[in-house]
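What you see below is based on every heavy atom in this structure, not just the backbone, and it leaves out hydrogens, waters and symmetry mates. In what follows, residues are counted from 1 in the order of the sequence shown.
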Amino acid sequence: MSRTCAVCGKSPMHGNRVSKTYHHTRHVWKPNLVTVKADFGDGGARTIKICTQCLRSGFVTKKVRVPKENQAAQASN
């Protein structure tokens, strides 16, 4: 699986790191990706890789796991 955000398409950037003495060394800047189980409107959930900025912006809602004992307590109320 590639290092690309499933929402915005952010991927690694390549370039040179330039020192004070102007020496160039190759460098790769990778996006901050997290694996999230996303909840889609039709009741389905899928595991996707998204960047943290998309997660914070609310483009995707995380699927929340509810333990069994909490489900029983909520059903009785």
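- Annotation: side chain of Arg26 is in contact with side chain of His14 (closest heavy-atom distance under 4.5 Å).
- Phe59 and Val34 fall within the same hydrophobic cluster, defined by Ile, Leu, Val, Met, Phe, Trp and Tyr side-chain heavy atoms under 4.5 Å apart, directly or through other members.
- Partners of Ser19 under the side chain to side chain donor-acceptor pair (under 3.5 Å) rule, at least two apart in sequence or in another chain, are Thr21.
- By the side chain to side chain donor-acceptor pair (under 3.5 Å) test, Arg56 pairs with no residue at all, sequence neighbours left out.
- Counting heavy atoms from C-beta on, the side chains of Leu55 and Lys62 come closer than 4.5 Å.
- The side chain to side chain donor-acceptor pair (under 3.5 Å) search around Arg17 returns His27, not counting sequence neighbours.
- A pairwise comparison of heavy atoms in Asp39 and Gly44 identifies OD1-O, 3.6 Å as the closest pair.
- Closest approach of Asn16 and Trp29 over heavy atoms only: O-CH2, 3.8 Å.
- Partners of Asn32 under the side chain to side chain contact (heavy atoms under 4.5 Å, CB included) rule, at least two apart in sequence or in another chain, are Thr52.
- Residues passing the side chain to side chain contact (heavy atoms under 4.5 Å, CB included) test with Ser11 are Thr4, sequence neighbours excluded.
- Side-chain atoms of Leu33 and Ile50, non-hydrogen and from C-beta on, never get closer than 4.5 Å to each other.
- Contacts of His24 classified as ring pair (Phe, Tyr, Trp, His ring centres under 6.0 Å), with partners at least two apart in sequence or in another chain: Tyr22.
- Residues Cys5 and Pro31 fail the side-chain proximity criterion, which asks for heavy atoms closer than 4.5 Å.
- Listed here is the closest heavy atom pair of Ser57 and Gln53: OG-O, 2.8 Å.
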* Apply the test side chain to side chain contact (heavy atoms under 4.5 Å, CB included) to residues Lys30 and Arg3: give CA-CA distance (whole Å), side-chain angles for both, the deciding distance (0.1 Å), then the verdict. => CA-CA 8 Å; Lys30 296 175 186 169; Arg3 293 184 174 142; 3.2 Å; yes
